[in-house]
Amino acid sequence: MIDFEYHSPVSLEETFDLLDRHGEDARVMAGGTALVLQMKHRFSRPGHVISLRRVTGLDSITLDGGGIGAAAGYEQNGAPGSVRVGALCTQRRIETDPIIAETLPLVAETFSRVATPRIRNMGTIGGGLVHGDPNQDPPPALIALGASVTMSSSKGERVLPVEELFIDYYETDVQPGEVLTSVSIPPAPPGSGSCYIKFLPRTADDYATVSVAALVEPSEDNMCRSIRIVLGSVGVTPVRAVDAESMLQGQELTDSNIRACAGAVREAVDPLEDFRGSPEYKTDMAEVFTRRAIERALANVG
Amino acid sequence: MDYQISLKVNSTDYQQQVPARRLLVDFLRYDLGLTGTKEGCSVGVCGACAVLLDGEMVASCITLAVAADGAEITTIEGIAEGGRLHPVQQAFIDHGGFQCGICTPGQVIAAKALLDVNPTPTEDEIRQWMMGNLCRCTGYYGILESVINAARTLQEQAR
């Protein structure tokens, strides 16, 4: 690893000041699982590393919207009933948090599938998102739920849907001087079912060969009121299969309609060739696991 | 650049100068001489370098020593008490939990981390937790037996 200057600010203001001063020569570090690896391999060679570990107020999990905050006139960034997760919350914390377990079972399930307990103790939700690796587990589930991130800088704050965060392979919409400070995750609609399937033919701690997050809201007469299908490891960013969703939206949830929807996912994906398989194989698996994800999501309703 | 860090390792206080790029595993092994912690894959996958940082299991091969400033670290050298092996260590001896031994410090630290938060894990919970610690001798059944029995011993001691 090439040596660098290490900064450990205690406030966001101090962090923004360091970012503004050092510009593109600075990288922000949360848990470090991604950045330290990139630096070891010299993919990233920052002159300045700004650690967030001493910055306070970035590691809470709270219920957003409505209630006391709204009455007192505070700005509400998230939809009522959303859970706001601080950027520095570790993956393990999110996996085991009681608020998340009760209100966002899809999120708890997804984070329990990230890497290993040791890595989940280190890696954070914010650090993982800005890393922009299309093989990660949380983005498909967060996009399926319609989550948004808050980006903060010396110029203020902006809110961005997670779906719009990813631009290209390891490239995100994070602008110079910005820090991702929290993620707001709305609950799934009442009466819906969801699941996250991570296809792991190699080892239990691997990245997915293909992953699928599905969220389906059936009506009482078995029609599909709404559906979200988001895949990981099938391209340079997480992929929401909007055209496939529209095949099922408003249609009856029959076996043949579900199969048609899963088949349409083939057009949405553009997998990379790697040691987990060829693009053709991953495309086949994307179809298979989308069908299973929809079926399992429906079985999880209630 | 060098930085002054203060931390506690196995109940002993240390103050050292380290370059920003010093990894925790190298700090422990080369600066403090605590060579019980092993470096295997160097990319956080294999678990040989596992240590406890403020009670949480982490990979010391992808942790910066400067980021451990102010922390309390426990390595394999620090878990025996008063000259007596920790029950997890004894269980690994009694139940064939190791062969060549290179992964063993990480396996023992991982097992201790599990039993600290979940004293009565199911076999499935042990498998799920320990899946991040690789054993290239593939002695996984011995490791599983060791953790099951260590949990039993700790439960009996707590009674």
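The chains referred to below are lettered A, B, ... by the order of the sequence lines, with proteins before strands, and numbering in each begins at 1. Being a predicted model, the structure only gives us computed values, none of them experimental.
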State, to 0.1 Å, how close B/Tyr3 and A/Glu5 come at their nearest heavy-atom pair, and which atoms those are. OH-CA, 3.2 Å
Heavy atom to heavy atom, less than 4.5 Å: which residues from residues 91-116 of chain B reach chain A? none
At a heavy-atom separation under 4.5 Å, does A/Ser51 approach chain B through its side chain, its backbone, both, or neither? neither
From CD (B/Gln128) to CG (A/Asp205), nearest 0.5 Å: 11.0 Å
If you measure from SG on B/Cys61 to CG on A/Leu37, what distance do you get to the nearest 0.5 Å? 7.5 Å
Contact class of B/Asp2 relative to chain A, heavy atoms under 4.5 angstrom: neither
Approximate separation, where rounding is to 0.5 Å, of A/Arg118 CZ and B/Cys46 SG: 7.0 Å
Can you tell which part of A/Met122 gets under 4.5 Å to a heavy atom of chain B, answering side chain, backbone, both or neither? side chain
Among residues 21-34 of chain B, residues within the sub-4.5 Å heavy-atom range of chain A, in order of number, are B/Arg21, B/Leu23
Between B/Gly44, B/Ala50, B/Gly70, who has the most heavy-atom pairs with chain A when the cutoff is under 4.5 Å? B/Gly44
Run A/Tyr6 and B/Val18 through side-chain contact (heavy atoms from CB on, under 4.5 Å) and show every step you take. CA-CA 11 Å; A/Tyr6 179 79; B/Val18 292; over 6 Å; no
Go through the atoms of A/Met39 and report whether side chain, backbone, both or neither lie under 4.5 Å from a heavy atom of chain B. neither
Step by step, work out the salt bridge (Lys or Arg N to Asp or Glu O under 4.0 Å) result for A/Arg53 and B/Asp69. CA-CA 11 Å; A/Arg53 63 185 287 264; B/Asp69 182 30; 5.6 Å; no
Which residues in residues 140-159 of chain B have a heavy atom less than 4.5 Å from any heavy atom of chain A? none
Top of A/Asp3, A/Val36, A/Asn121, A/Thr116 for chain B proximity - count of heavy-atom pairs under 4.5 angstrom: A/Asp3
Above 12 or not: heavy atoms from other molecules or residues under 6.0 Å from CZ of A/Arg45? no
For A/His22, check ring-ring contact (aromatic ring centres under 6.0 Å, His included) against everything at least two apart and list the hits. A/His7, A/His48
Chain B heavy atoms under 4.5 Å from A/Ile2: which part of the residue, side chain, backbone, both or neither? backbone
Should B/Val43 and A/Lys40 count as side-chain neighbours, where that means a heavy-atom distance under 4.5 Å? no
Would one find more than 12 heavy atoms of other residues, nucleotides or ligands at under 6.0 Å from atom CD of B/Gln4? yes
